[in-house]
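Some notes on the structure that comes next.
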Amino acid sequence: MGFSHLQFLFFQQFQGWSFQCPKNNIDSLYHSADVEVPAACAILIFLFALQHYGTHRVGFLFAPVVITWLLCISAIGVYNIFYWNPKVYQALSPFYMYKFLKKTQKGGWMSLGGILLCITGSEAMFADLGHFSQLSIKIAFTFVVYPSLILAYMGQAAYLSKHHILETDYRIGFYVSVPEKIRWPVLVIAIFAAVVGSQAIITGTFSIIKQCSALGCFPRVKIIHTSSKMHGQIYIPEINWTLMLLCLAVTVGFRDTKRMGNASGLAVITVMLVTTCLMSLVIVLCWHKSVFLAILFIFFFGSIEALYFSASLIKFLEGAWVPIALALIFSAIMYVWHYGTLKKYEFDVQNKVSINWLLALGPTLGIVRVRGIGLIHTELVSGIPAIFSHFVTNLPAFHQVVVFLCIKSVPVPHVSPKERFLVGRVGPKEYRLYRCIARYGYRDVHKDDLEFEKDLICSIAEFIRSERPECSIPILDSENDERMTVIGTSSSNLEGIRMHEDGDVDSSEIVGTSEPRVAKSPEKVRKRVRFIVPESSQIDNGMKEELRELMEAREAGMAFILGHSYVRAKKGSSLIKKIVINLGYDFLRRNSRGPTYALSIAHASTLEVGMVYQV
């Protein structure tokens, strides 16, 4: 919905441009519409083309521009109040609102849709909660933004109270109320402020899409972090260019601020109404307040917003249909993706392999165990995925160490590095099968593949060293008892096992308390791995042997086994389900990005196992 407000900002400034000079001068130079639309489109294209550079390079200019703009409209408002009508402050009383609606009745109710433009854009502040704290937003809005807007609108009201009958072509009250000598500088500041405001909408859109994708509610997209210091600054190419095309289409299609304003107004009041409804749930479920308080909240604020919402709906055919149509399209995409992903996960859960099948195979799993680590990606947090049985049934060999890796996005902003991994065993010790669950918040940044591999191996080694009943957290499933231990990353667990990789060293120093030594000029340098164990650790022979095998497997290399699934609706499904799964979800899956870890894995180390999911 934010794109309708974004292009409205630019077009409003350029439409105001044509009102800066007397009408006869403008007509002698150009027709205003022939300049407004191309100029707005040019700036929109320029703005979106710069997004991949990130905002950290020019972000320091945003605050001065916004402060200058707010001080500018505040000063103009104060000037108009004292020059035209000092008594306009009385309009702050709600009595005049009641008097206005009582006198105008239906006409006043219909005009509420236009009044929404006074608050259009305020929702962008809350979309940027991923970049600013709640306290900073409260302080900025209460002490800077709100007083500036009140003074600006009071100044316009003071001017219009003396010029409410205009026989000219002026249509924008703000630019008319600006003193003629400073109109051009004010226009320049307004354009810069529109750029900053639009950037807030774009940045907020990127943040929301990233969070929805992390929660499995939106197809996977390419997320580029544009700043190495500010993790919240991201760039999503697909969303960026889609947003640009939508903005250009609406700008060229509507060509005036009236219909753009109707679209933006309905989008804003819909967001507010939905937020109020969700807030009532927060009051009950999160704050644990009484249901009566939640009903009072939604009744008070919801009735006011419903009044504005109904007034905006009557402008449906005059541009307000755009945000409704886009909301339906994006809701359908999110529903199809979430439904297909959920059904695929349910299929994995229902078809996971029994632990009894694994025990019946014996420690060798009935196949040849070769050196190396086999990393199997799965969505399951317990049990053995069907892809593993499918693999060992068709191939006669597998790796000596097998790790079932599950990367989970949890519905919290951040997961502490000390609680990043959950590590446990699958089956007896001699099977050398491990399960590792890597947990990330929706605002966490995934590490690169080399650092992640190192943290993963260290977490397994630390699990082997500290495996005791009192250090484990039992997680039960229906068929077996898997005990998972919380393990932090290597950088957060300074007292745990450290892994060192260097050239050829003596293999007798697998485990020890000494510092890593530099190899003495071997003829052929070969990558070696060594675990450095804290002095206080008590390592028995079984643990030492298991760590030795893990070290040898790491030296031999790591293979990534990825499942390539084809989801189809099973026989007997309804027509709607077949359309959603076979057409909708399949189209989104084929055109969405693969998992982040799959994109960074070398093709030579990757093995894809195809399976058909009948859901």
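Quantities reported herein were computed from a predicted structural model and do not represent experimental measurements.
Of the possible polar contacts, one joining the S280 side chain to the C277 backbone as a donor-acceptor pair under 3.5 Å is found. A side-chain donor-acceptor contact under 3.5 Å links Q51 to the backbone of L47. Between the R420 side chain and the A438 main chain, no donor and acceptor come within less than 3.5 Å of each other. Remark: side-chain polar atoms of R432 are not paired, donor with acceptor, to backbone N or O of V402 under 3.5 angstrom. Counting only distance, with no hydrogens or angles, the side chain of S573 and the backbone of K570 share a donor-acceptor pair below 3.5 Å. Counting only distance, with no hydrogens or angles, the side chain of N240 and the backbone of I236 share no donor-acceptor pair below 3.5 Å. The closest donor-acceptor contact from the side chain of S213 to the backbone of I209 lies at 3.5 Å or more, if one exists at all.
In this structure the side chain of I208 never reaches within 4.5 angstrom of the side chain of F218, judged on heavy atoms. In this structure, F421 and I437 have side chains that are not in contact, with every pair of non-hydrogen atoms separated by 4.5 Å or more. When side chains are defined from C-beta on, I202 counts as touching L243, because their heavy atoms get closer than 4.5 Å. L278 has its side chain out of reach of V282: every pair of non-hydrogen atoms, C-beta onward, lies at least 4.5 Å apart. Considering only heavy atoms from C-beta on, H52 stays 4.5 Å or farther from P237 through its side chain. Residues I581 and Y339 meet the side-chain proximity criterion, which asks for heavy atoms closer than 4.5 Å. Looking only at side-chain heavy atoms (C-beta outward), V567 and D586 stay at 4.5 Å or farther from each other. With contacts defined as side-chain heavy-atom distances shorter than 4.5 Å, the pair M279/F297 qualifies.
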Is there a side-chain contact (heavy atoms from CB on, under 4.5 Å) between L422 and I487 once you walk through the steps? CA-CA 6 Å; L422 282 173; I487 305 291; over 6 Å; no
Check the pair T378 / L405 against side-chain contact (heavy atoms from CB on, under 4.5 Å), numbers first and verdict last. CA-CA 6 Å; T378 175; L405 175 63; over 6 Å; no
For E552 and Q400, what are the C-alpha separation, side-chain angles and deciding distance, and is it a side chain to side chain donor-acceptor pair (under 3.5 Å)? CA-CA 10 Å; E552 293 175 351; Q400 68 183 103; 4.5 Å; no
Worked verdict on T203 versus Q199 for side chain to side chain donor-acceptor pair (under 3.5 Å): CA-CA 6 Å; T203 304; Q199 181 61 53; 3.0 Å; yes
Check the pair R589 / Y566 against side-chain contact (heavy atoms from CB on, under 4.5 Å), numbers first and verdict last. CA-CA 9 Å; R589 185 190 59 81; Y566 298 89; 4.0 Å; yes
Walk me through whether W337 and R220 qualify under side-chain contact (heavy atoms from CB on, under 4.5 Å). CA-CA 10 Å; W337 179 260; R220 288 186 292 266; 4.3 Å; yes
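In this structure, CD1 in I376 is found 13.5 Å from SG in C436, a value given to the nearest 0.5 Å. Atom CD in E555 sits 10.0 Å away from atom CG in L550 (nearest 0.5 Å). Atom-to-atom distance recorded for R371:CZ and R554:CZ is 13.0 Å, nearest 0.5 angstrom. Taken to the nearest 0.5 Å, the SG atom of C458 stands 9.0 Å off from the CD atom of E462. One distance of note links CD1 of I239 with NZ of K210; it measures 14.0 Å at 0.5 Å rounding. Taken from NZ in K571 to NZ in K578, the straight-line distance is 10.0 Å, to the nearest 0.5 Å.
Listed here is the closest heavy atom pair of A294 and V284: CB-CG2, 3.6 Å. When every heavy atom of L375 is checked against every heavy atom of M558, the shortest pair comes out as CD2-SD, 3.9 Å. Considering every non-hydrogen atom in both V401 and A553, the closest pair reads CG2-CB, 3.8 Å. A569 and K577 make their closest contact through CB-O, 4.4 Å (heavy atoms, listed as atom of the first residue, atom of the second, distance). Minimum heavy-atom separation, K418 to V486: O-CG1, 3.8 Å.
Between K429 and E546 there is no salt bridge, since no side-chain nitrogen of the basic residue lies less than 4.0 Å from a carboxylate oxygen of the acidic one.
Residues passing the side chain to side chain contact (heavy atoms under 4.5 Å, CB included) test with K138: none are found, sequence neighbours excluded.
Between W241 and F48, the ring center distance fails the sub-6.0 Å criterion.
More than 12 heavy atoms of other residues, nucleotides or ligands sit less than 6.0 Å from atom NZ of K408. Around CD1 of I576, the count of heavy atoms belonging to other residues, nucleotides or ligands within 6.0 Å does not exceed 12.
A cation-pi contact, defined as under 6.0 Å to the ring centre and within 45° of the axis, is absent between R568 and Y585.
Ring pair F463/Y434 is perpendicular by interplanar angle, where above 60° counts as perpendicular and below 30° as parallel.
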